[in-house]
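Beneath this line is the structure, given in structure tokens, with notes to follow.
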Amino acid sequence: MMGPVHVVLAPEPGGGMRLRRLDDPDGDAGPGAVADATAAVRALERDRSGDRAAVRWTWDDTAVRYPPLLADGARVERAHDLRLAHRILRHSTLASGSGLATAPPGPWDEPATPEHTPVPRPRAPQADALFDLRPEPAAGARAHPGGAPDAAGAVAELRAQRAAVAGSDDPSRLRLLLAAESAGALVAAEMRHAGLPWRTDVHDAILTEVLGPRPPEGRRPARLEALADRIRAALDAPPTLNPDSHPDLLKAMQYAGVGARSLRKWELEQVDHPVVAPLLEYKNLYRLLTANGWHWLDAWVEGGRFRPEYVVGGVVTGRWASSGGGALQLPKAVRRAVVADPGWRFVVADAAQLEPRVLAGMAGDEAMARAGRGGDLYAGIVASGAVATRELAKVGMLGALYGGTTGASAQVLPRLARAFPRSVALVEDAARTGERGGIVTTRLGRSSPPPGSEWDAAQAGALEDAAGADAATRARTATRSWGRFTRNFVVQGTAAEWALCWLASIRRRLWELGTAGPAGLAPAPFADRPHLVFFLHDEVVVHAPVAMAETVAEQVRAAAEEAGRLLFGDFPVSFPLTVEVVEAYADAK
DNA sequence: GCTTTGTGCCAC
DNA sequence: AAACGTGGCACAAAGC
């Protein structure tokens with residue numbers, strides 16, 4: 001078997017694409033500059049198809065380069081995403097001494113330019129006073145001129161990345177992280193290409209059932225209008241009262257003597273007044289209408305598929321974000337509309353108690369790993385004798401992961417600390433590091449950002465001679481808040497790494513299962529193959545021909561075991577899944 | 001008129 | 001008015 005060939009694919013300044021083999025930096029793979037990149041990619045993938053990952057592509061940005069290939073029905077086995085890798089290496093404490101990390105900011109530090117972003121750009125993240133994560137422009141840094149890096153630039157960047165990894169404190173972990181991140185980018189593009197099967201007629205029926213028929217533009221659906229009347233009646237308010245206006249509604253509620261100071265659900269639930277029931281229901285239906293109503297259907301579902309844009313690494317911790325359509329917040333109420341194609345099924349799998357298990361693995365916590373062996377980690381904690389009930393075990397663990405300081409979660413923390421000292425110490429250490437303004441790093445090497453300028457200012461303010469009590473309070477609040485962030489970062493970030501490895505393994509295994517006879521409704525190259533259609537932090541949905549569903553379920557389980565081994569080697573922490581084969585997403589769980 | 005901010009709820 | 005992490009999104013109000 002030949003080793004893999006490494007091929008850089010980059011745009012030519014004058015148009016078209018260039019394929020350059022890395023082992024032959026002065027020459028070009030096959031045709032060199034090509035007008036039809038798909039044909040060239042397809043030919044090379046086919047020539048080497050006997051070998052797993054026989055072709056290793058490198059390009060600037062999977063989200064830009066891959067969709068056109070997929071549109072032509074071409075799939076690549078493996079592709080290194082330079083921009084995603086650069087971002088990780090630039091900040092990782094494992095590679096902090098590298099040339100890549102110490103160089104002044106360059107084009108690879110720029111976010112993807114508008115030309116790089118095929119779908120509507122997400123709104124700029126709002127600057128939070130405390131968590132200002134936007135990179136601070138260094139002196140001398142200037143905007144990326146706009147054009148994508150050419151082949152020479154991509155080769156140079158790849159070499160810098162390889163050097164940074166090779167010279168790092170843990171090359172194998174970083175190598176795995178970059179491979180997983182890059183594979184995730186392929187999965188994201190493929191899921192968008194394939195789309196999540198969506199039955200517009202079922203969705204419309206759900207809306208009609210709970211809201212009434214679709215009203216003319218600008219009018220309330222009948223059920224909402226009726227609830228608005230009941231709200232007005234309960235408040236003795238005039239017909240002009242608009243329940244969508246918070247100030248008006250709050251005023252009317254105050255006048256009627258409702259003892260709520262906000263319109264939050266949890267607060268309304270605590271007051272006893274006839275307006276509460278219709279108001280809560282109004283808010284419920286209003287949310288469905290505005291977030292996933294007919295407008296959403298018109299905007300996001302086409303040809304029986306929902307195609308969201310996933311933003312790989314879009315969250316600081318390494319989780320994915322999404323842009324448009326709210327793919328990561330699909331409410332349970334509309335999941336009935338997610339129906340598999342005729343003759344196909346969904347294999348829905350979700351990792352049970354992923355974050356505490358990941359914590360056990362990171363901490364080398366044998367006791368916690370043992371508690372997780374039976375499938376339900378929280379039940380295992382109860383069985384260990386540490387706490388009395390499953391609910392306490394759950395809130396206690398979540399409190400440890402999030403930094404909860406009140407209520408039941410804080411009360412059971414000492415008991416958890418006694419029973420699982422290694423796990424608790426790991427998150428406490430991460431919190432202390434953050435409180436000092438330090439940086440924490442995940443299992444595979446993704447590092448947290450340093451605190452922003454607002455944080456520094458708060459700390460400095462408390463040290464000034466004239467500093468008052470409120471300056472001290474502000475500094476303390478900022479300190480603790482950043483500690484909660486770094487505490488959670490290590491666990492959430494490592495869980496995201498596990499999930500990336502899981503996804504990558506599922507993707508490869510599904511492809512290796514091959515085809516299943518006649519083509520279905522999915523687009524090429526997935527028409528006759530099981531394929532991923534949805535991912536949500538610790539959950540995946542595979543769309544598969546009926547006859548293959550059980551095999552797919554087995555492979556998804558095997559992939560979870562593989563992910564555990566990749567991150568934690570022989571350490572005996574398990575990652576059990578809930579796996580179901582269903583026709584509609586709503587039927588899972 | 002437009003953009004930004006505040007509110008509140010959805011997902012994990 | 002949350003307490004306790006990460007996000008996206010829609011709307012009304014406020015600001016320019």
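Computed from a predicted model, the values in this text were never measured in an experiment. These numbers come from the heavy atoms of this one structure, side chains and all, not from hydrogens, waters or symmetry mates. Here is the naming used below: chain letters follow the sequence lines, and residue numbers restart at 1 for every chain.
- Taking atom CZ of residue A:Phe485 and atom C1' of nucleotide C:dG7, one finds them 12 Å apart after rounding to whole Å.
- Under 4.0 angstrom from either OP1 or OP2 of C:dC9 there lies no side-chain N or O belonging to A:Thr290.
- Within the 4.0 Å cut-off from OP1 or OP2 of B:dC12, at least one side-chain nitrogen or oxygen of A:Lys332 is found.
- Nearest-nucleotide positions on DNA chain C place A:Arg319 closer to the 5' end than the other of A:Arg319 and A:Ala291.
- Looking at heavy-atom distances under 4.0 Å, A:Arg480 makes no contact with the nucleic acid at all.
- Contact annotation for A:Leu354: no contact, since no heavy-atom pair falls under 4.0 Å across all strands.
- With both ends at atom C1', the span from B:dC12 to C:dC4 equals 14 Å, rounded to whole Å.
- The side chain of A:Pro331 lies closest to B:dA11, out of B:dC12, C:dG7, B:dA11.
- A:Gly314 comes within 4.0 angstrom of nothing in the nucleic acid, heavy atoms only.
- Per the geometry, CG belonging to A:Asp248 stands 16 Å off P belonging to B:dT7, to the nearest Å.
- Considering only side-chain atoms of A:Pro247, the nucleotide from C:dA13, B:dT7, C:dA3 that sits closest is C:dA13.
- Of all nucleotides listed (C:dA1, C:dG8, B:dC12), C:dG8 comes nearest to the side chain of A:Ser322.
- In this structure, A:Arg319 pairs ionically with A:Glu355, as a charged nitrogen and a carboxylate oxygen lie closer than 4.0 Å.
- With rounding to whole Å, A:Tyr286 atom OH is found 8 Å from C:dA12 atom C1'.
- For A:Phe306 and A:Trp296, the ring centers are positioned less than 6.0 Å apart.
- In this model, a side-chain donor or acceptor of A:Arg287 finds a partner on the base of B:dC9 within 3.5 Å.
- Spacing between atom CG of A:Leu536 and atom P of B:dC10 amounts to 15 Å, rounded to whole angstrom units.
- At the heavy-atom level, A:Trp320 lies nowhere under 4.0 Å from the strands shown.
- At a threshold of 4.0 angstrom between heavy atoms, the contacts of A:Gly326 are confined to the sugar-phosphate backbone, with no base atom among them.
- For A:Glu539, counting side-chain heavy atoms from C-beta on, the closest listed nucleotide (C:dC4, C:dA12, B:dC12) is B:dC12.
- With C:dT6, C:dC4, B:dC10 as the candidates, the nucleotide lying closest to the side chain of A:Val316 is C:dT6.
- A salt bridge links A:Arg390 to A:Asp376: at least one charged side-chain nitrogen sits closer than 4.0 Å to a carboxylate oxygen.
- Counting any heavy atom pair closer than 4.0 Å across all strands shown, A:Phe489 reaches no nucleic acid atom.
- Per the geometry, CG belonging to A:Leu250 stands 17 Å off P belonging to B:dG6, to the nearest Å.
- Of the candidates A:Val358, A:Thr317, A:Thr442, A:Gln492 forms a side chain to side chain contact (heavy atoms under 4.5 Å, CB included) with just one, namely A:Thr317.
- Distance, A:Lys283 NZ to C:dA10 P: 17 Å, rounded to whole Å.
- Salt bridge A:Glu428/A:Arg432: present, at least one basic N to carboxylate O contact under 4.0 Å.
- With B:dC12, C:dT6, C:dA12 as the candidates, the nucleotide lying closest to the side chain of A:Asp538 is B:dC12.
- Side-chain proximity of A:Gln492 to the nucleotides C:dC4, B:dC12, C:dT6 is greatest for C:dT6.
- Computed from coordinates, the A:Asn242 CG to C:dA13 P distance equals 7 Å when rounded to whole Å.
- Looking at A:Asp538, its side chain never comes within 3.5 Å of a backbone N or O of A:Leu354 through a donor-acceptor pair.
- For DNA chain C, the neighbouring residues in residues 396-405 of chain A, judged by any heavy atom under 4.0 Å, are A:Tyr402, A:Gly403, A:Gly404, A:Thr405.
- If you take atom C1' in B:dG6 and the same atom in C:dA1, they sit 15 Å apart, rounded to whole Å.
- Under a 4.0 Å N-O distance rule, the pair A:Arg557/A:Glu562 does not qualify as a salt bridge.
- Each of A:Ser262 and A:Leu289 was assigned the nucleotide of DNA chain C with the nearest heavy atom; the assignment lying further toward the 5' end belongs to A:Ser262.
- In this entry the distance linking CD of A:Gln329 with P of C:dT6 reads 16 Å, nearest Å.
- A:Ser92 places a side-chain heavy atom less than 4.5 Å from the side chain of A:Leu174.
- A:Arg261 comes within 4.0 angstrom of a nucleotide base, judged by non-hydrogen atoms across all strands.
- Atom CD of A:Gln254 has 12 or fewer neighbouring heavy atoms from other residues, nucleotides or ligands inside a 6.0 Å radius.
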